Amino acid sequence: MGILAGKKGLILGIANDKSIAWGVTQACKREGAELGFNYLGEMLEKRVRPLAESVDATFIEPLDVSDDTQMDDFFAKVEQQWGHLDFMVHSIAFANKDALRNRFSTTSREDFRLALDISAYSFIACAQRAAPLMKAGSSMVTMTYLGAERTVPGYNVMGVAKAALEASTRYLAQDLGPDGIRVNAISAGPIRTLAASAVGDFRKLMEKSARGSMLKRNVTQDEVGNTAAYLLSDMASGVSGEVHYVDAGFHIGVGDPGIE
Ligand code: NAP
């Protein structure tokens with residue numbers, strides 16, 4: 001019996017088998033959960049559906065988190081099909097590439113709005129629709145990055161979005177806590193994914209992160225997945241409002257001063 005046996009959970013944000021959400025999926029499947037997924041448009045359905053079916057998903061529906069009608073439809077279908085939810089993983093972010101490449105001081109109002117909407121507000125929007133389907137003991141997890149609290153070259157407006165996401169995690173934990181629902185964030189070290197490719201000079205960032213970390217290496221999507229499975233399970237019943245680092249200890253150090 002796995003630590004998620006008998007639980008039904010949504011994992012939002014699989015783009016392909018490199019996605020952090022795919023690492024989470026494999027851990028949750030191994031621990032016995034029944035899983036549901038979203039995909040963003042028909043193009044993505046072709047990639048997500050086979051992955052979802054390979055873990056016996058019982059729920060696979062379209063969802064663009066920037067569209068309130070799709071949000072309502074998606075969660076109405078969850079209720080229809082499953083009746084209730086035990087956990088939800090939010091592993092979604094987006095920013096215009098130009099906003100990450102250009103000087104931060106030139107960020108446009110529209111690029112700011114887009115990054116904050118999809119990468120931070122969407123967690124609140126999902127939580128407000130998932131919570132009514134959850135009973136005490138349920139759990140939500142989102143994915144963040146150190147750029148929320150320290151400056152990271154090339155992370156720019158996404159750092160501001162992650163700061164909003166981390167604060168939203170704490171306020172959701174406060175708001176949903178009396179209902180017995182726990183809300184946490186995982187701050188993952190850099191992992192090569194589709195979203196990560198938008199961050200300028202990601203190769204250098206990975207190199208610096210490995211050298212500056214306590215374990216002298218980067219982390220894997222499986223390590224993030226295992227931590228998510230723990231936070232979603234009853235093993236973490238006393239943990240809420242936390243930003244939990246899975247970064248091989250990078251955040252406690254000062255980096256490697258020898259590296260450019
Ligand atoms: P990923 O595989 O590209 O996942 C990002 C997901 O967000 C994709 O499935 C993407 O779908 C989805 N998405 C974007 N806009 C959306 C929208 N409007 N509606 C629904 N879904 C949307 O990259 P990832 O690295 O695994 O990212 C997952 C999360 O981990 C993100 O929050 C990211 O910031 C965070 N994180 C990543 C790292 C890292 O180094 N990779 C480190 C720390 C935290 P499309 O591909 O179809 O756009």
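One-based numbering, in listed order, for ligands and for the atoms of each. Quick note: residue numbers are just sequence positions, from 1. Bear in mind that the values here come from a model prediction, so they are computed numbers and not experimental data. What you see below is based on every heavy atom in this structure, not just the backbone, and it leaves out hydrogens, waters and symmetry mates.
Under the ring pair (Phe, Tyr, Trp, His ring centres under 6.0 Å) criterion, Phe87 pairs with no residue, sequence neighbours left out. Every residue was checked against the ring pair (Phe, Tyr, Trp, His ring centres under 6.0 Å) condition with Phe94, not counting sequence neighbours, and none meets it. When the salt bridge (Lys or Arg N to Asp or Glu O under 4.0 Å) test is applied to Glu223, the partners found at least two apart in sequence or on another chain are Arg217.
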Practice prompt. Carefully, step by step, assess Asp68 and Arg129 under the rule salt bridge (charged side-chain N to carboxylate O under 4.0 Å, His left out).
Written response: CA-CA 11 Å; Asp68 280 337; Arg129 290 166 175 87; 3.7 Å; yes

Practice prompt. Check the pair Ser66, Asp64 against side chain to side chain donor-acceptor pair (under 3.5 Å), reporting the backbone distance first and the verdict last.
Written response: CA-CA 5 Å; Ser66 65; Asp64 177 339; 2.7 Å; yes

For ligand 1, what N or O to protein N or O distances fall under 3.5 Å?
residue  : atom   : partner : partner atom : Å
ligand 1 : 2 (O)  : Ser19   : OG           : 2.5
ligand 1 : 3 (O)  : Ala195  : N            : 3.0
ligand 1 : 9 (O)  : Gly13   : O            : 3.1
ligand 1 : 9 (O)  : Ala15   : N            : 3.4
ligand 1 : 18 (N) : Asp64   : OD1          : 2.9
ligand 1 : 19 (N) : Val65   : N            : 3.0
ligand 1 : 23 (O) : Thr193  : OG1          : 3.2
ligand 1 : 25 (O) : Thr193  : OG1          : 2.5
ligand 1 : 26 (O) : Ile20   : N            : 2.8
ligand 1 : 32 (O) : Ile92   : O            : 3.4
ligand 1 : 32 (O) : Lys162  : NZ           : 2.9
ligand 1 : 34 (O) : Lys162  : NZ           : 2.8
ligand 1 : 40 (O) : Ile191  : N            : 2.8
ligand 1 : 40 (O) : Ile191  : O            : 3.2
ligand 1 : 41 (N) : Ile191  : O            : 2.9
ligand 1 : 41 (N) : Thr193  : OG1          : 3.3

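In this pair, His251 and Tyr245 present their aromatic rings parallel. The plane angle is below 30°, not in the 30 to 60° band.
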